[in-house]
Amino acid sequence: MSDKKVRVRFAPSPTGGLHLGGVRTALFNYLFAKKNKGDFILRIEDTDQNRYVEGAEAYIIDCLNWCGIIPDESPVTPGQYAPYRQSERKSIYREYAERLVMQGHAYYAFDTAEELDKNRKEIPNFQYGQVYRDGLRNSLSLPQHEVDQLLAEHTPHVIRIKIPADQTVSFTDMIRGRVSFETNQVDDKVLLKADGMPTYHLAVVVDDYLMKISHAFRGEEWLPSAPVHLLLWDYLGWKADMPQWAHLPLILKPDGHGKLSKRDGARLGFPVYAMNWFDAKTGELTPGFRELGFLPEAFVNLLATLGWNDGSEREIFNIDELADKFSIDRISKAGAKFDFEKAKWFNAEWIKKVKGERLKVEVKKVLEDKDVIINDDDYLLTVIELIKDRCTLLPDFYQQSAYFFQTPAEYDLNAVKPKWTEEKTDFFNAIIELLKPTEVLVAADLESSFKALAEEKGLKTGDVMLPFRIMLVGGKFGPHVFDIAALLGKDETINRIEKALVAFK
RNA sequence: GGCCCGUUCGUCUAGGGGUUAGGACGUUAGAUUUUCAUUCUAGAAACAGGGGUUCGAUUCCCCUACGGGCUACCA
């Protein structure tokens with residue numbers, strides 16, 4: 001590893017929402033940068049004008065913000081290597097492509113899409129490369145005057161790299177070790193498209209060079225095109241500055257096989273995107289972890305431990321701890337099937353771990369979205385502390401806490417009615433009388449007098465505890481019933497008993 | 001089809017020439033909680049197969065199988 005400043009980039013295409021794998025790539029870049037006191041750069045790879053989606057870039061930035069993966073340089077916070085959108089760097093790339101043509105490492109190709117499609121269909125294993133390029137329409141096969149004329153007439157054309165014959169291209173991947181490719185198997189990839197935009201292959205090399213990227217993390221799906229990039233770094237004369245590569249294992253479908261995709265989310269009932277993504281064209285909403293009720297702390301944590309561990313048995317880390325412990329040689333090589341159950345466990349752990357104060361904004365939103373009115377933040381905080389250990393996702397706070405703010409609208413009558421007796425009605429009327437003179441309702445006091453009264457009336461405590469809970473909560477859940485009563489206060493407790501007594505009749 | 005990458009409980013993983021192959025999620029059983037959840041305890045559960053190398057391989061090498069990725073003027 002060289003001693004040059006660590007600079008890494010996350011380079012997504014703005015084609016839609018950000019998928020788990022994308023966020024993890026961003027996260028690993030970020031963790032590596034922080035660990036090595038380097039810079040983390042966000043570069044938008046919008047070279048495909050057909051796939052460009054309005055709003056996708058803003059979404060990506062929001063998403064990184066939500067996760068706390070903040071770029072040091074980005075399109076909206078540019079550094080000295082601006083611009084950070086490849087579409088705005090269009091003019092830069094042609095020069096390098098032309099230079100390669102001049103040097104004989106690339107050539108102009110005039111074939112139409114139809115011609116190429118035909119070849120692919122008719123010739124088994126067709127690839128635009130050393131075997132077939134002489135029979136195709138390009139500056140290697142055509143006479144010079146014809147090429148000149150085609151260019152002069154502005155005939156649509158691309159620039160392709162000329163992959164050399166009979167060479168072995170190899171490099172050391174930081175995750176996989178030595179990886180080799182035979183150039184005879186590599187095709188002449190397009191570098192510059194007919195519209196003047198570079199393809200990924202050219203753009204990634206040129207920009208990584210110009211932006212002084214030291215380490216390049218990307219998904220394993222890029223491994224097969226690595227030889228093209230290696231060759232380009234060499235031909236452009238930048239070999240000494242080439243970043244170290246790290247091809248990350250893929251995140252796979254939990255069932256069946258293959259790379260996790262957007263469709264799997266809908267099919268298997270869990271999100272694949274970090275945040276909700278609304279596609280204006282199709283009107284389709286793809287759900288996200290954030291809106292489902294994940295905490296960013298949990299989301300980042302679960303992503304980091306998907307294919308990485310710190311060598312100990314610890315699993316819960318915040319982002320700073322992750323950055324501190326991060327190391328590439330602890331990244332696993334094999335793809336990981338995504339397990340939503342474990343993802344939920346991480347969230348539950350984080351809800352338990354953080355202070356109630358941290359949850360206030362999120363919980364308030366959950367409740368207010370359900371029309372629960374909150375006018376006392378301290379009361380809300382007390383409620384959160386009392387119930388957060390029983391919540392897995394943020395929306396669980398509604399079911400677990402709504403009754404602290406509003407009288408139950410419905411009761412689980414099956415739990416009380418079958419065993420309901422006149423004696424119990426008497427008992428609760430007596431409880432009301434007992435509560436009336438109370439100044440402040442203290443949980444422990446109520447509990448002892450409640451039990452004493454039950455005994456006095458010849459009832460088993462257990463026979464009246466559940467009805468009491470149903471009266472206050474509406475259902476068979478929640479914290480200790482006397483704590484609930486104490487929080488509700490004397491008046492509201494009496495009110496709920498009276499109301500429920502009518503319903504239980 | 002071709003090329004590349006990979007393979008430890010159902011899942012995420014630790015480990016590594018001699019281990020009772022460890023942890024976590026999930027699951028099962030029990031305890032606590034006169035509700036539910038939390039918590040705690042215990043249990044079931046894995047080195048893909050075949051050849052080498054070696055005194056000894058789950059660990060190193062090779063082959064096979066299986067899985068994944070790529071094979072666009074998409075990234």
Side-chain angles (χ1 to χ4, degrees), chain A residues 11-15 22 45-48 50-51 86 109 111-113 116-117 120 124-128 156-160 173 175-177 179-182 184-187 189-201 203-204 218-227 247 249-250 252-255 257-259 302 305-316 330 332-346 348-349 352 387-392 396 399-400 412 415 451 460-470 473 475-481:
Chain A
S13 297
T15 55
E45 309 230 331
D46 53 350
T47 55
D48 186 350
N50 301 316
R51 292 215 308 159
Q86 291 182 331
D111 318 87
T112 64
L116 294 176
D117 280 349
R120 288 195 184 96
N125 291 338
F126 171 83
Q127 56 176 29
Y128 209 122
H157 65 277
V158 300
I159 294 180
R160 287 180 182 270
D173 185 272
I175 294 170
R176 272 147 234 290
V179 183
S180 303
F181 301 86
E182 298 304 320
N184 291 350
Q185 305 287 346
V186 181
D187 60 339
K189 287 269 180 269
V190 171
L191 301 180
L192 202 73
K193 300 186 259 190
D195 64 3
M197 277 289 196
T199 59
Y200 173 82
H201 306 295
V204 74
R218 57 180 10 173
E220 195 187 348
E221 71 267 28
W222 289 109
L223 205 43
S225 50
H247 290 90
L250 265 15
L252 276 9
K253 301 177 200 291
D255 71 332
H257 311 291
K259 212 165 37 157
L302 74 91
T305 51
L306 207 52
W308 175 86
N309 68 82
D310 79 330
S312 76
E313 278 168 0
R314 181 173 169 194
E315 295 192 274
I316 303 295
R330 298 211 62 89
S332 37
K333 295 181 176 68
K337 286 184 185 166
F338 181 68
D339 181 3
F340 188 52
E341 290 307 316
K342 182 113 188 199
K344 285 193 291 192
W345 173 79
F346 272 108
E349 287 300 306
K352 279 187 281 182
I387 63 159
K388 70 192 188 66
D389 286 6
R390 43 214 330 133
C391 297
T392 298
D396 294 346
Q399 132 98 326
Q400 291 295 336
D412 182 353
K451 285 178 175 170
K460 276 190 271 179
T461 314
D463 292 340
V464 277
M465 287 278 272
L466 187 61
F468 191 33
R469 169 175 299 280
I470 305 290
V473 175
K476 289 193 279 185
F477 59 90
H480 290 297
V481 70

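Numbers restart at 1 for each chain; the letters A, B, ... are given by sequence-line order, proteins then strands. Owing to the predicted nature of the structure, the values given are computational and were not obtained by experimental measurement.
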Take the angle between the ring planes of A:Tyr128 and A:Phe126 and call it parallel below 30°, perpendicular above 60°, tilted in between.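 Plane angle over 60°, so perpendicular.
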Can you tell me how the ring of A:His201 sits relative to the ring of A:Trp222, calling it parallel under 30°, perpendicular over 60° and tilted otherwise?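 Answer is perpendicular, since the angle exceeds 60°.
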Can you tell me if the side-chain N/O atoms of A:Lys193 get under 4.0 Å from OP1 or OP2 in B:A75?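 Yes.
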Please confirm whether the shortest side-chain N or O distance from A:Lys253 to OP1 or OP2 of B:G68 is below 4.0 Å.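 No, A:Lys253 has no side-chain N/O under 4.0 Å of OP1/OP2 on B:G68.
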Could you tell me how far apart [X] ([atom1]) and [N] ([atom2]) are, to the nearest whole angstrom?
{"X": "A:Arg51", "N": "B:C73", "atom1": "CZ", "atom2": "C1'", "value": "13 Å"}
{"X": "A:Leu192", "N": "B:A75", "atom1": "CG", "atom2": "P", "value": "12 Å"}
{"X": "A:Ile159", "N": "B:A72", "atom1": "CD1", "atom2": "C1'", "value": "18 Å"}
{"X": "A:Leu116", "N": "B:A72", "atom1": "CG", "atom2": "C1'", "value": "10 Å"}
{"X": "A:Asp310", "N": "B:G15", "atom1": "CG", "atom2": "C1'", "value": "14 Å"}
{"X": "A:Asp173", "N": "B:G69", "atom1": "CG", "atom2": "P", "value": "18 Å"}
{"X": "A:Leu302", "N": "B:A24", "atom1": "CG", "atom2": "C1'", "value": "13 Å"}
{"X": "A:His201", "N": "B:U71", "atom1": "NE2", "atom2": "P", "value": "8 Å"}

How about A:Leu466 and A:Lys476: do any of their side-chain heavy atoms sit closer than 4.5 Å?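 SC-SC contact between A:Leu466 and A:Lys476 confirmed.
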Base, sugar-phosphate, or nothing for [X], non-hydrogen atoms under 4.0 angstrom?
{"X": "A:Lys344", "result": "nothing"}
{"X": "A:Val190", "result": "sugar-phosphate"}
{"X": "A:Thr47", "result": "sugar-phosphate"}
{"X": "A:Pro156", "result": "nothing"}
{"X": "A:His157", "result": "nothing"}
{"X": "A:Asn184", "result": "nothing"}
{"X": "A:Arg314", "result": "nothing"}

Does B:G10 have a Watson-Crick or wobble partner in any strand here, with both distances under 3.5 angstrom, and which is it?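 Its partner is B:C25.
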Below 3.5 Å between N/O atoms, which protein atoms pair up with nucleotides 3-13 of chain B? Just atom names and distances, please.
{"from": "B:C5", "atom 1": "O2'", "to": "A:Arg176", "atom 2": "NH1", "distance (Å)": "2.6"}
{"from": "B:C5", "atom 1": "O2'", "to": "A:Glu220", "atom 2": "OE2", "distance (Å)": "2.8"}
{"from": "B:C12", "atom 1": "OP1", "to": "A:Lys337", "atom 2": "N", "distance (Å)": "2.9"}
{"from": "B:C12", "atom 1": "O2'", "to": "A:Thr305", "atom 2": "O", "distance (Å)": "3.4"}
{"from": "B:U13", "atom 1": "OP1", "to": "A:Gly307", "atom 2": "N", "distance (Å)": "3.0"}
{"from": "B:U13", "atom 1": "OP1", "to": "A:Ser332", "atom 2": "OG", "distance (Å)": "3.3"}
{"from": "B:U13", "atom 1": "O3'", "to": "A:Asn309", "atom 2": "ND2", "distance (Å)": "3.0"}

Looking only at side-chain atoms of [X], point me to the closest of [options].
{"X": "A:Leu250", "options": "B:U34, B:G22, B:G68", "answer": "B:G68"}
{"X": "A:Asp389", "options": "B:G69, B:C74, B:U38", "answer": "B:U38"}
{"X": "A:Arg330", "options": "B:C73, B:A75, B:G15", "answer": "B:G15"}

Heavy-atom donor-acceptor pair, A:Thr392 side chain to A:Ala348 backbone, under 3.5 Å: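 No; zero donor-acceptor contacts below 3.5 Å.
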Position toward the 5' end of RNA chain B (nearest nucleotide), A:Gly462 or A:Thr15: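 Upstream on the strand: A:Gly462.
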Residue mapping more 5' on RNA chain B - nearest nucleotide basis, A:Lys352 or A:Lys189: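 The residue closer to the strand's 5' end, by nearest nucleotide, is A:Lys352.
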Identified side-chain hydrogen bond (donor to acceptor under 3.5 Å, both in side chains) partner of A:His247 from the options A:Glu220, A:Arg218, A:Lys333: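 In the set A:Glu220, A:Arg218, A:Lys333, the residue that makes a side-chain hydrogen bond (donor to acceptor under 3.5 Å, both in side chains) with A:His247 is A:Arg218.
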Any N or O donor-acceptor pair under 3.5 Å from the base of B:G1 to the side chain of A:Asn125?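 Under the 3.5 Å cut-off, the side chain and the base do form a donor-acceptor pair.
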